[in-house]
J.: 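Okay, here's the structure, questions in a sec.
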Amino acid sequence: MPHTDSDFLTILHQDQVGGLQLVKDGQWIAVKPNPEALVINIGDLFQAWSNDCYKSVKHCAVTHPTKERFSAAYFLCPSYETVIESCSRPSVYRKFSFREYRQKVQEDVQLYGYKVGLSRFLV
Ligand SMILES: O=C(O)CCC(=O)C(=O)O
Ligand SMILES: [Fe+2]
């Protein structure tokens, strides 16, 4: 399922089977598996905090037809009370708490079946 992560940063490890894909310049590309390396994904909060300077990457994990794949993800999130606001002006997004963000994501998924994400918080 293509998505962006609703956190600040994701630290990811995938084994040699691979399967992680991301969108670059409008095209899906496979992330070359390297069991010796960690993949660092920028999340939605990082994007908002940087005022869109850094983008939360759209990605997904696809399974191999015959080989089992293993991946482990660590989601770096602030406390729910943390207010996300960029110090750059003009600000692309209104300030919001992580709690508010998570609630909105959950609400949208329940209502529409998908995450709307940061565009809900555009100024
Ligand atoms: O399994 C993977 O390589 C990615 C998993 C992922 O994107 C996620 O859990 O948010
Ligand atoms: Fe993800």
Side-chain angles (χ1 to χ4, degrees):
M1 177 77 157
H3 66 281
T4 60
D5 291 341
S6 304
D7 59 354
F8 191 74
L9 270 185
T10 307
I11 303 169
L12 196 72
H13 182 268
Q14 62 169 347
D15 66 8
Q16 70 290 343
V17 176
L20 179 64
Q21 298 191 350
L22 58 83
V23 176
K24 185 170 185 267
D25 303 325
Q27 304 254 55
W28 280 101
I29 58 163
V31 178
K32 196 173 154 198
N34 180 353
E36 306 279 301
L38 295 172
V39 176
I40 313 293
N41 270 355
I42 283 171
D44 298 343
L45 304 183
F46 199 131
Q47 178 171 335
W49 195 55
S50 74
N51 214 29
D52 272 0
C53 183
Y54 293 89
K55 294 290 167 62
S56 183
V57 68
K58 192 195 263 189
H59 59 280
C60 70
V62 295
T63 52
H64 190 278
T66 55
K67 287 188 217 158
E68 202 171 13
R69 109 178 254 277
F70 288 91
S71 72
Y74 176 82
F75 300 99
L76 182 67
C77 298
S79 67
Y80 280 129
E81 287 68 41
T82 302
V83 173
I84 309 299
E85 183 181 21
S86 173
C87 58
S88 302
R89 293 289 178 272
S91 198
V92 177
Y93 306 100
R94 71 164 176 85
K95 66 177 171 185
F96 56 85
S97 69
F98 182 47
R99 184 188 308 280
E100 210 182 332
Y101 192 67
R102 291 300 291 260
Q103 276 172 352
K104 190 46 110 186
V105 167
Q106 226 173 346
E107 204 179 285
D108 285 340
V109 169
Q110 274 162 11
L111 277 173
Y112 311 113
Y114 60 90
K115 168 183 160 182
V116 178
L118 275 181
S119 56
R120 280 267 180 251
F121 295 87
L122 286 165
V123 170

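All values below come from the heavy atoms of this structure, side chains included, with hydrogens, waters and symmetry mates left out. Both counts, for ligands and for their atoms, begin at 1 and track the order of listing.
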J.: Report the relative orientation of the aromatic rings in Phe121 and Tyr101; use parallel for angles under 30°, tilted for 30 to 60°, perpendicular for over 60°.
T.: tilted
J.: If the Fe ion (ligand 2) is the vertex, what is the angle to NE2 of His3 and NE2 of His59, rounded to 10 degrees?
T.: 90°
J.: Take Leu118 and Phe96, measure what side-chain contact (heavy atoms from CB on, under 4.5 Å) needs, and give me the verdict at the end.
T.: CA-CA 10 Å; Leu118 275 181; Phe96 56 85; 3.9 Å; yes
J.: Give me the atom names and distance for the closest heavy-atom approach of Gly43 to Ser56.
T.: C-OG, 3.3 Å
J.: Considering heavy atoms of the protein only, find what lies nearest to atom 1 (O) of ligand 1 and give residue, atom and distance to 0.1 Å.
T.: Ser71 OG, 2.6 Å
J.: Atom OH in Tyr114, atom CG in Leu111: separation rounded to 0.5 Å?
T.: 10.0 Å
J.: Using heavy-atom distances, let me know which of His59, Arg69, His13 sits nearest atom 3 (O) of ligand 1.
T.: Arg69
J.: Check Asp5 and report its N/O/S atom nearest to the Fe ion (ligand 2), by atom name.
T.: OD1
J.: Going by distance alone, is a donor N or O of one side chain under 3.5 Å from an acceptor N or O of the other, for Lys55 and Thr4?
T.: no
J.: Could you check atom 6 (C) of ligand 1 against the protein and tell me its nearest heavy-atom contact, residue, atom and distance included?
T.: His3 NE2, 3.8 Å
J.: Of all the non-hydrogen atoms in the protein, which one sits nearest to atom 5 (C) of ligand 1, and at what distance?
T.: Leu12 CD1, 4.3 Å
J.: Has the side chain of Arg69 got a donor or acceptor atom that lies under 3.5 Å from a matching backbone atom of Asp15?
T.: no
J.: Could you identify the single nearest non-hydrogen protein atom to atom 9 (O) of ligand 1 and state the distance to 0.1 Å?
T.: Phe75 CZ, 3.4 Å
